Amino acid sequence: QGVLVPGLGTFAVVHEQVNSAEEVCVVRRPVFQVDMDMSCLQELVFPTVMIPGDIEIMPLDYWWLSQTNSLPPDVVKGCVEETILLYSFQLRDRQHPTFAFKNVGILSCQDNVLCMQFHCSCIAALDSWDTWVALLLT
């Protein structure tokens with residue numbers, strides 16, 4: 001399953017097959033597909049991530065988010081939208097702030113490369129079978 005954050009991108013978990021000399025294993029790893037206005041991304045490089053078509057993409061659940069902080073869903077939606085708008089303006093103005101996602105990772109821009117760095121704990125929570133392989137792939 002994936003989650004679309006409008007104006008920013010899509011987070012998803014993909015299954016990736018890893019072949020070794022002894023066995024084949026499948027690991028689950030998080031990915032982020034950038035989906036921002038191209039005027040914000042001018043002169044920036046970002047990895048091209050393809051999310052398989054069989055992964056169901058759901059919109060961001062503002063009601064669920066509101067339950068975690070006791071704010072009404074419309075207030076949460078407004079905060080998310082304004083935060084993404086501010087981030088895109090900062091990118092457009094060649095400021096390179098980091099965008100932290102609690103318990104997930106950090107979206108950062110270094111040397112004109114925009115990339116999502118997932119926290120080790122996020123990756124480990126997805127794939128306890130072979131965390132090290134999933135970490136290396138991510």
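Please read these numbers as outputs of a predicted model, since none were measured by experiment. Heads up: numbering here begins at 1 and tracks the sequence.
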Do you know the tightest heavy-atom contact between N103 and C122?
O-CB, 3.6 Å

For Y87 and T98, work out which heavy atoms get closest and say how close.
CE1-C, 4.3 Å

Any side-chain heavy atom of Q117 within less than 4.5 Å of one from L107?
no

Shared hydrophobic cluster for W63 and V80 (ILVMFWY, side-chain gaps under 4.5 Å):
yes

Side chains of F11 and V5, heavy atoms from C-beta outward: is any pair under 4.5 Å?
yes

In short, F32 meets L8 closest at the heavy-atom pair CZ-O, 3.7 Å

Taking the side chain as everything from C-beta on, heavy atoms only, tell me whether Q1 gets closer than 4.5 Å to M58.
yes

Can you find a pair of side-chain heavy atoms, one from F101 and one from M116, that are under 4.5 Å apart?
yes

Which distance, rounded to the nearest 0.5 Å, do you find between the OG of S88 and the CG of D93?
9.5 Å

Nearest heavy-atom neighbours spanning P73 and Y62:
O-CB, 4.0 Å

How close do L71 and S66 get, heavy atom to heavy atom, and via which atoms?
O-CB, 2.8 Å

Under the side chain to side chain contact (heavy atoms under 4.5 Å, CB included) criterion, do Q90 and L86 qualify, and how do the steps go?
CA-CA 6 Å; Q90 289 175 323; L86 175 62; 4.1 Å; yes

Looking only at heavy atoms, what is the nearest atom pair of H119 and G105, with distance?
CD2-N, 3.3 Å

Test side-chain hydrogen bond (donor to acceptor under 3.5 Å, both in side chains) applied to E43 - qualifying residues, sequence neighbours left out:
R94

How long is the straight-line distance from CG of L44 back to SG of C115, given to the nearest 0.5 Å?
11.0 Å

Verify the cluster assignment for W64 and V76: are they in a single hydrophobic cluster under the rule of side-chain heavy atoms below 4.5 Å apart?
yes

Salt bridge (charged side-chain N to carboxylate O under 4.0 Å, His left out) pairs, two or more places apart, involving residues 46-68:
none

NE2 of H96 to CD of Q110, rounded to nearest 0.5 Å, is 10.5 Å

With a 4.5 Å heavy-atom cut-off, do Q95 and L91 have their side chains touching?
no

Heavy-atom check, side chain of L60 versus side chain of L65, under 4.5 Å:
yes

Check the pair R92 / D37 against side chain to side chain contact (heavy atoms under 4.5 Å, CB included), numbers first and verdict last.
CA-CA 10 Å; R92 187 177 303 145; D37 181 358; 3.9 Å; yes

Side-chain heavy atoms nearer than 4.5 Å, only ILVMFWY residues, links allowed to pass through others: does that put L114 and M38 together?
yes

F46 vs M36 side-chain heavy atoms within contact, under 4.5 Å
no

Would you mind listing the cluster partners of I51? Hydrophobic ones only (ILVMFWY), side-chain contacts under 4.5 Å, chaining allowed.
L4, V14, V31, V49, I55, I57

